[in-house]
Amino acid sequence: MSRSRWSAGMVFGLLACLPGCARPPAAVAPPPTRDAERSEARAIEPHVAGGGIEFVDRAADLGIAATYRSGGESEHCTILESLGGGVGWIDFDRDGWLDLIATGGGAIGADEAIVGRPCSLFRSQAGRAFHPVATEAGLASDTLYSHGVAIGDHDNDGFQDLLVTGYGVPQFWRNMGDGTFVAAPSPAGEDARWSSSAGWADLNGDGVLDLYLTRYVNWSFENHPRCGPSATVRDICPPRSFEGLADAVCLGNGDGTFTDASAAVGLRSDGKGLGVLLADLDIDGDVDIYVANDTTDNFFYVNDGHARLTESGLVSGTALDDQGVPNGSMGIDLCDFNRDGLPDVWVTNFEREWFALYRNEGRGYFLHVSRRYGITDIGGLFVGFGTACDDFDADGWVDIVVTDGHVIKYPDASPLFQEPLFLRFDGDRFRRGHARPGSYFATPQMGRGLASGDFDGDGDLDVAISHVEAPVAVLENRFPQFRRSILVQLVGTVSNRDAVGARVEIIGGEAPSAALQVIGGGSYLSHSDRRLHVVLPGAAGGTPHRLRIRWPSGVVQEVEVTGSEREMRIVEAGAVPADAADPGEGGAT
């Protein structure tokens, strides 16, 4: 969100050294930016200009009815009310269709009692309709004022488990494989400090998923100052009114239990975490961690492969904006927007701050390039939350979706309800898409969580968005698809089954293609489908392509893309533990 300037003018600070000046020595200078290669790629593969934003909200006719409640009607004006909730795509019953989960939030009583509301779970009926099943699935608990969802197969049994974060002890639900979940001990124990986003990845290379849990600030009714534009009008206090809470790393033991390794791995304790991304950012074969903090420096933890983390946000150029100022950061995602094979980082921020695009310069160094690529053209009136970077129209270039909405009741610079954003990259700059009158993207919202996934099985990516005090939206993708694309599901055997950290590149094609990676965390309080959306170069029906997969285990595997399938399932080559694979696994299906 933002610093104490919520009701003040814009304040710019300049440190002695800006993020971009933290450069490696000349002997190990990062590679060139490949402008010539990108120009050649644009000449070979010109961007096809699209029309309006082709998403249609179908939640109501699909049978999805869920609303996140913040408890704001109590008029306590707590910062708790500002975070909102998330959504997640999960095929919890493994029938091949994505189901949807949405957190419920909670209520705040007149006596200052904080109570929770249960999550909503909707089972897909072959993508044509959804049926509410939270009660029969065992998720109808109201013990937690909830915010986020983090989905991962922590026990490698093929069924996705669920962590729900919030104000109180996080809830951990083990998927039993029969359509039900059973409550299990929280990976972080009974620690009830306020948690926001979380993400799963194998941090120490043992093939078992570990958990990174972000925590926010030390608010409680015992620490509830009065804030507002005047002595008679009360509003929600900004995060600078509170101290931050330390995040947590919980290492999976392989038997369904966890060890809290927060102190041992080297975490900083001065963040105010709202978003987390787990991915191999320096391309050295292990999973690193990027944390979006609210008004404090963002963290970039470089992993040595054994879960020993070195925080290098300032050195890498990812801690601050291009003015040397920490932002109010919320949403986060990974993308190779310029198709140079290096993963770039995208971060949504508070009003009067540019959303941040950090271009990967190689060897763990990044450059803040929002001005260069047109991000600043959208202006500074948006408070950005959930986000997804992907090629929604399959034209070969990444697009970005952002959901927006304010966090205080009486903003002085931006509207309370804000239009969502759709940004198209044309190979040179990002440009804001045009929304048709009356459509979802032309309607101001109070957006928070966002998750992408192909719910209807047509091969393109749809989007679910959570709002504060308004129903969840499910946006069906109706963009013309300019090229053939496939959804690639990776199944680890030696690596963690979810294959978090695996990298995929397309071999062949006249122009470079974006490198893709399976990530943990991402967006804001939400979980997108882990299948990779691979857009193939050239026209449909052209030369066959091959995919090169670099698994977290170090195995490199190549698979040919043939036929007209919309989805591929690729199993890691090598020794297959008996409890990690289905009968017949061992290649592409």
Side-chain angles (χ1 to χ4, degrees), residues 1-11 67-86 105-108 112 114 145 147 166-167 194 196-197 216-221 223-244 272-275 292-296 325-331 347-355 379-386 402-421 444-450 465-470 524-525:
M1 287 172 280
S2 185
R3 48 181 74 70
S4 57
R5 60 186 183 179
W6 277 0
S7 58
M10 184 168 186
V11 178
T67 298
Y68 184 90
R69 303 293 185 185
S70 68
E73 68 278 359
S74 66
E75 297 297 332
H76 284 296
C77 293
T78 68
I79 192 173
L80 180 65
E81 304 159 31
S82 65
L83 262 63
I108 305 173
E112 300 182 350
I114 299 172
Y145 185 111
H147 291 305
Y167 192 84
W194 189 4
S196 50
S197 290
Y216 194 39
V217 298
N218 70 338
W219 174 87
S220 69
F221 273 111
N223 182 25
H224 183 43
R226 185 181 181 91
C227 300
S230 70
T232 58
V233 178
R234 186 167 189 172
D235 207 340
I236 294 171
C237 288
R240 283 199 182 276
S241 301
F242 309 95
E243 295 180 350
K272 300 176 183 179
L274 286 179
N293 285 314
D294 194 359
T295 73
T296 62
V325 177
N327 294 152
S329 299
M330 283 83 77
V347 183
T348 66
N349 290 319
F350 194 69
E351 67 179 20
R352 298 172 173 145
E353 300 169 344
W354 310 127
F355 293 174
L381 297 182
F382 296 98
V383 180
F385 282 93
V402 183
T403 182
D404 309 292
H406 224 295
V407 294
I408 59 175
K409 298 186 176 183
Y410 304 103
D412 68 335
S414 306
L416 191 62
F417 293 82
Q418 301 177 6
E419 292 178 356
L421 295 170
Q445 313 282 347
M446 185 71 74
R448 291 297 187 265
L450 182 152
I465 299 178
S466 175
H467 309 99
V468 179
E469 311 293 349
Y524 172 77
L525 307 176

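Remember, it's a predicted structure, so these values are computed and weren't measured experimentally. Computed over heavy atoms, backbone and side chain alike; hydrogens, waters and symmetry mates excluded.
Among all heavy-atom pairs drawn from Asn293 and Lys272, the shortest one is OD1-N, 3.1 Å. When all heavy atoms are compared, the tightest approach of Asp294 to Gly328 is OD1-CA, 3.4 Å. The minimum heavy-atom distance linking Cys227 with Ser241 is given by the pair SG-OG, 4.2 Å. Closest heavy-atom contact between Ser197 and Leu525: OG-N, 3.1 Å. Closest approach of Gly273 and Ser196 over heavy atoms only: O-OG, 2.7 Å.
In this structure, Trp194 and Tyr216 have perpendicular ring planes: the angle between them is above 60°, well past the 30° mark.
For the atom pair CD1 of Ile114 and CG of Leu80, the computed distance is 5.5 Å after rounding to the nearest 0.5 Å. Within the model, atoms CZ of Phe242 and CD1 of Ile79 stand 5.0 Å from one another, a figure rounded to the nearest 0.5 Å. Rounding to the nearest 0.5 angstrom, the gap separating the CD atom in Glu419 from the OG1 atom in Thr403 is 11.5 Å. The CZ atom of Phe385 sits 14.0 Å away from atom CD of Gln445, with the distance rounded to the nearest 0.5 Å. Here the OG1-CD distance, from Thr348 to Glu353, works out to 10.5 Å after rounding to the nearest 0.5 Å. A distance of 12.5 Å separates CZ in Arg448 from CD1 in Ile465, rounded to the nearest 0.5 Å.
Counting non-hydrogen atoms of neighbouring residues, nucleotides and ligands closer than 6.0 angstrom, the CD atom of Glu112 exceeds 12 such neighbours.
At a threshold of 4.5 Å between non-hydrogen side-chain atoms, the residues Thr78 and Phe221 count as touching. Contact of the Glu75 side chain with the Lys409 side chain is registered, since non-hydrogen atoms from C-beta on lie closer than 4.5 Å. Contact of the Pro444 side chain with the Pro415 side chain is not registered, since no non-hydrogen atoms from C-beta on lie closer than 4.5 Å. Proximity of Val383 to Met330: side-chain heavy atoms (C-beta onward) are separated by under 4.5 Å at one or more points. Counting heavy atoms from C-beta outward, Leu421 and Asp404 have side chains that approach closer than 4.5 Å. Put simply, the side chain of Tyr524 reaches to within 4.5 Å of the side chain of Leu83, judged on heavy atoms.
Side chain of Glu469 to backbone of Ser70: a donor-acceptor contact under 3.5 angstrom is found. Remark: side-chain polar atoms of Ser329 are not paired, donor with acceptor, to backbone N or O of Asn349 under 3.5 angstrom.
For Cys77, there are no disulfide (SG to SG under 2.5 Å) partners, not counting sequence neighbours. Checked against side-chain hydrogen bond (donor to acceptor under 3.5 Å, both in side chains), Thr67 has no partners two or more places apart in sequence or in another chain.
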Self-check item: Pair Glu243-Asn223, side chain to side chain contact (heavy atoms under 4.5 Å, CB included): steps then yes or no
Solution: CA-CA 10 Å; Glu243 295 180 350; Asn223 182 25; over 6 Å; no
Exercise. Quick one: do Val233 and Tyr410 satisfy side chain to side chain contact (heavy atoms under 4.5 Å, CB included)? Show the steps, please.
Key: CA-CA 9 Å; Val233 178; Tyr410 304 103; 3.6 Å; yes
Quiz item: Does the side chain to side chain contact (heavy atoms under 4.5 Å, CB included) test come out yes or no for Phe350 and Val407, once each step is laid out?
Solution: CA-CA 10 Å; Phe350 194 69; Val407 294; 3.8 Å; yes
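His406 and Glu351 share a donor-acceptor pair across their side chains, judged by distance under 3.5 Å alone. When only modelled atom types and interatomic distance are considered, Tyr68 and His147 share a side-chain donor-acceptor pair under 3.5 Å.
Listed by first and then second residue, the salt bridge (charged side-chain N to carboxylate O under 4.0 Å, His left out) pairs that reach into residues 223-238 come to none, sequence neighbours excluded.
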